[in-house]
2 protein chains.
Amino acid sequence: MNESNLCPRLAKAMDLIGKRWTGLILYQLLDGPQRFNEIESSLPVSGRLLSERLKELEKEGLVERKVYSEVPVRVEYSLTDKGWALEGAIRNIESWATSWL
Amino acid sequence: MNESNLCPRLAKAMDLIGKRWTGLILYQLLDGPQRFNEIESSLPVSGRLLSERLKELEKEGLVERKVYSEVPVRVEYSLTDKGWALEGAIRNIESWATSWL
DNA sequence: ACTCTTAAGTTACATTTAGTAATTAAATAA
DNA sequence: TTATTTAATTACTAAATGTAACTTAAGAGT
């Protein structure tokens with residue numbers, strides 16, 4: 001399709017962040033560790049996709065998943081250092097949204 | 001699905017930027033005005049979607065479209081002020097990608 | 001033992017969006 | 001008249017998303 005010299009890391013970053021809901025999930029986690037249901041109720045995302053996205057983010061090392069064997073079970077998701085490193089970008093989008101939308 | 005107090009502007013920003021290819025199209029335009037074919041060859045995006053995305057970005061006021069009645073026709077796309085205002089966010093993602101991917 | 005409750009998912013299926021390749025439109029040049 | 005070039009659009013297939021029902025696990029109550 002092309003002979004581009006597109007940076008593969010940027011392409012991957014955009015693919016990751018650009019996936020639907022991912023940005024907003026990360027934004028939610030800037031408020032601190034949250035359990036599955038908290039994230040689900042804070043965003044118009046379904047359990048199906050939330051589960052899928054959290055798995056991707058965990059696999060990419062942006063998010064950490066912790067299971068607490070309480071009753072009923074509690075599962076908490078939080079940002080890793082790699083995830084926190086995106087805070088600047090996310091805040092930047094947030095302030096752009098405030099100024100321009 | 002939820003009772004969220006999700007900021008509608010942030011939601012819209014994420015929906016826009018989070019759409020596939022949009023981030024990379026904007027990134028390309030940081031290099032200056034470019035014609036349709038230039039963008040198409042610089043990214044692994046098809047003409048169909050590139051056309052669709054550029055229309056959305058034009059409609060949202062991030063991108064400007066200029067037609068030059070040369071032969072054959074030349075169509076140039078460039079960032080508006082609103083589009084340029086996203087430069088910080090995009091560069092931020094770029095540097096995150098360099099550091100973490 | 002058996003049913004109930006709750007969180008955290010998963011599954012099945014319909015709808016929407018994206019990918020691919022062929023086609024069209026407009027303006028000229030040969 | 002036919003060919004060429006850019007900028008799309010169209011028709012069709014494949015993949016991603018939305019929706020709602022279902023499952024699993026671990027007690028708690030009777």
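So that the names make sense, note that chain A is the first sequence line, chain B the second, and so on, each numbered from 1.
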Whole angstrom value for the distance that separates [atom2] of [N] from [atom1] of [X]:
X	N	atom1	atom2	answer
Leu50(A)	dT10(C)	CG	C1'	13 Å
Glu40(A)	dA8(C)	CD	C1'	9 Å
Gln34(A)	dA8(C)	CD	P	12 Å
Glu56(A)	dT17(D)	CD	C1'	12 Å

Contacts of type side-chain hydrogen bond (donor to acceptor under 3.5 Å, both in side chains), residue Glu58(B), not counting sequence neighbours: none
Set of side-chain hydrogen bond (donor to acceptor under 3.5 Å, both in side chains) partners for Arg35(A), sequence neighbours left out: none
Where along residues 19-30 of chain B does a heavy atom come under 4.0 Å from DNA chain D, residue by residue in number order? none
For residues 71-80 of chain B, the side chain to side chain donor-acceptor pair (under 3.5 Å) pairs (sequence neighbours left out) are Arg65(B)-Tyr77(B), Glu70(B)-Arg74(B), Arg74(B)-Glu76(B)
So the side chain to side chain donor-acceptor pair (under 3.5 Å) pairs with at least one residue in residues 11-21 of chain B (sequence neighbours excluded) are Lys12(B)-Glu60(B)
What are the two closest non-hydrogen atoms of Ala13(B) and Trp96(A), and how far apart are they?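 Closest heavy-atom pair between Ala13(B) and Trp96(A): CB-CZ3, 3.9 Å.
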Minimum-distance pair of heavy atoms, taken over all atoms of Thr98(B) and Arg9(A):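 Minimum heavy-atom separation between Thr98(B) and Arg9(A): O-NH1, 3.5 Å.
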Taking only residues two or more places apart in sequence, or in another chain, which ones meet Glu38(B) in a salt bridge (Lys or Arg N to Asp or Glu O under 4.0 Å)? none
Contact letters for nucleotides 5-11 of chain D, in which S counts primed atoms plus P, OP1 and OP2 and B counts the base, heavy atoms under 4.0 Å: BSSSBBB
Donor-acceptor pairs are to be reported for all side-chain atoms of residues 85-95 of chain B against protein atoms at under 3.5 Å, with residues two or more places apart or in another chain.
{"residue": "Glu87(B)", "atom": "OE2", "partner": "Arg91(B)", "partner atom": "NE", "Å": "3.1"}
{"residue": "Glu87(B)", "atom": "OE2", "partner": "Arg91(B)", "partner atom": "NH2", "Å": "3.1"}
{"residue": "Glu94(B)", "atom": "OE2", "partner": "Tyr27(B)", "partner atom": "OH", "Å": "2.7"}
{"residue": "Ser95(B)", "atom": "OG", "partner": "Asn92(B)", "partner atom": "O", "Å": "3.3"}

